[in-house]
K.L.:
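Just dropping this structure here.
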Amino acid sequence: MNNDEAKFILSAYRPSGRDANDARFTEALNQAKQDPALREWLAQSQALDAVVMKKLSGIVPPAGLREQILAGGKVSQKAPVRRRHFGAWLALAASFLVVFIVSEVWLGQKVQAAQRDYAEFAAKDMHNGGHHPPTGEGMEEMLVKLASSDLHFMGDLGLSFEELKAGGCRTVKCGEREAIELCFNRDGTWYHLYVMPHKKSRGPMLAKSQSYFLSMSDSAAAVWTDGDFEYALVSLKGMSDLKALAE
Amino acid sequence: MSGRNSDLTMSTTAFSQLVDEHYTPLYRFALSLARNQADAGDLVQQTFYIWATKGHALREVSKAKSWLFTTLYREFLRVGRREGRVTSIEDLPPSEQDVAAKEIDRARSLDADTVMLALQSVDEVFRAPLTLFYLDDLTYQEIADTLDVPIGTVMSRLSRGKAQLRDSLKKPEKNTQKVVPFNQTKKGQTS
């Protein structure tokens, strides 16, 4: 490296010492140590640089600039990332909630329509079919149980679809589905209990639904499910009587 | 500034600290580039505005200073447009003349504003690295990154820039002729 090359490099060497550990300057600095003329040139060059640096450090920003920056920053600063994410999650949750509510309303309406159909079917069948108490083996005990005022209908009735069929219970078609009618008398009033295996495909609809009561001009019906069977209980008595029995 | 690498979305206090730490050197750099106080102030404000709206994207707080200088310089280039012809390095006369003692004395006798005027008279392509050199805030790598040029180019421009500055310091009374708002500088205008 000749002195011209060393001067080129050393002209970038700052007098503050900031560049002391920068390997780019090592060779040129070593050369300056050994060459008096180069050393003198470096000293003069750095002296001028130091003066300019000192002068520049005397430049102060105009009054009020800091306050303007802070004020501008305050109004322009974006919301914290976490909050923006929180907002996005909130929006997502809100949209899920809307979808959920709409689905629930839609499902609720669908369930209610199915319950009404079942109740109307039971009432119509009762009117058309008369009374058919089963006479088969084991059915007498069942009829006593159903006639008992201690029985809670919406609890576990302990029914077996196959046993009911084998016991001579009347079988009817509710749409495409097979139902069994179980007629029994309690306190002089005839009741008709229709039992259908619970349709799993629409299970969530009925299983989670509340019992449904339908009052008609000359009869009343209650519909519910226990997850295994879908029940429709219908009688010519009024709604209050049926509710007392069902609930 | 803390060294944590978490998001930089800042509280008012943290933003205040960032401004306090950097706005003065940024203003000096901006004044050197823009060559008048109003535009320099605007540049600094705009830089912090960009920080306030986009700074959170920077993951390393330790790079905030370099980011601010880089943003200010890019903003200057965007708004002000480089002065038309930039003097080619090859066209310049050799710069490595010995610094006379009387030059140092003269510089000492000048006030800060006059020295700034002399600096502002240096061609922009040399002025930006020269100012960053004198501000002494950034390493060479950071200066190179800020100006988006190799370190060798930074050094070369420094050498030429210093030659122009020394020339201007000898005759500071002429420098005021060059002071125009940078956003009024037209393409093709030479300084």
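Lettering of chains follows the sequences in order, A, B, ..., and the numbering in each one begins at 1. Worth saying up front: this structure is predicted, and the values here are computed from it rather than measured.
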K.L.:
Considering only heavy atoms, which portion of B/Thr139 lies under 4.5 Å from any heavy atom of chain A: side chain, backbone, both, or neither?
P.N.:
both

K.L.:
Please check if the side chain of A/Asp22 supplies one atom and the backbone of A/Arg24 the other of a donor-acceptor pair under 3.5 Å.
P.N.:
yes

K.L.:
At a heavy-atom distance under 4.5 Å, which candidate from B/Leu26, B/Thr131, B/Ile151 has the highest pair count against chain A?
P.N.:
B/Ile151

K.L.:
Is it the backbone or the side chain of B/Asp105 that comes under 4.5 Å from a heavy atom of chain A, or both, or neither?
P.N.:
neither

K.L.:
Keeping the roles fixed (side chain from B/Arg127, backbone from B/Leu33), state whether a donor-acceptor pair exists under 3.5 Å.
P.N.:
yes

K.L.:
Measuring heavy-atom distances to chain A, does B/Ala30 have an atom under 4.5 Å in its side chain, in its backbone, in both, or in neither?
P.N.:
neither

K.L.:
Most heavy-atom pairs under 4.5 angstrom with chain B, which of A/Asp19, A/Val60, A/Val52?
P.N.:
A/Val52

K.L.:
Can you tell which part of B/Gln141 gets under 4.5 Å to a heavy atom of chain A, answering side chain, backbone, both or neither?
P.N.:
side chain

K.L.:
Short question: side chain of A/Arg39, backbone of A/Lys33 - any donor-acceptor pair under 3.5 Å?
P.N.:
yes

K.L.:
Fit a plane to each ring of A/Phe161 and A/Phe229, take the angle between them on a 0 to 90° scale, and name the class: parallel (under 30°), tilted (30 to 60°) or perpendicular (over 60°).
P.N.:
parallel

K.L.:
Sort B/Leu165 into side chain, backbone, both or neither according to what part of it lies under 4.5 angstrom from a heavy atom of chain A.
P.N.:
side chain

K.L.:
Using non-hydrogen atoms only, which part of A/Tyr13 is less than 4.5 Å away from chain B: side chain, backbone, both, or neither?
P.N.:
backbone

K.L.:
Measure up the B/Tyr140 and A/Phe25 rings against each other and bin them: parallel (under 30°), tilted (30 to 60°), perpendicular (over 60°).
P.N.:
tilted

K.L.:
Here's one to test your reading of the geometry: is the NZ or CZ of B/Arg28 within 45 degrees of the ring axis of B/Tyr134 and under 6.0 Å from its centre?
P.N.:
no

K.L.:
Go through B/Leu130, B/Val115, B/Asp136, B/Ile104 and name the one with the most non-hydrogen pairs under 4.5 angstrom from chain A.
P.N.:
B/Asp136

K.L.:
Given that the side chain runs from C-beta out, which part of B/Ile143 has a heavy atom under 4.5 Å from chain A: side chain, backbone, both or neither?
P.N.:
side chain

K.L.:
With respect to chain A, which residue among B/Ala112, B/Ser32, B/Pro25 yields the maximal number of heavy-atom pairs within a distance under 4.5 Å?
P.N.:
B/Ala112

K.L.:
Taking it one step at a time, do A/Asn3 and A/Gln31 satisfy side chain to side chain donor-acceptor pair (under 3.5 Å)?
P.N.:
CA-CA 8 Å; A/Asn3 273 6; A/Gln31 190 162 324; 3.0 Å; yes

K.L.:
Flag the one option from B/Asp137, B/Asp113, B/Leu31 with the top tally of heavy-atom pairs under 4.5 Å to chain A.
P.N.:
B/Asp137

K.L.:
A/Glu230 and A/Tyr118: which non-hydrogen atoms are nearest, and at how many Å?
P.N.:
O-OH, 2.9 Å

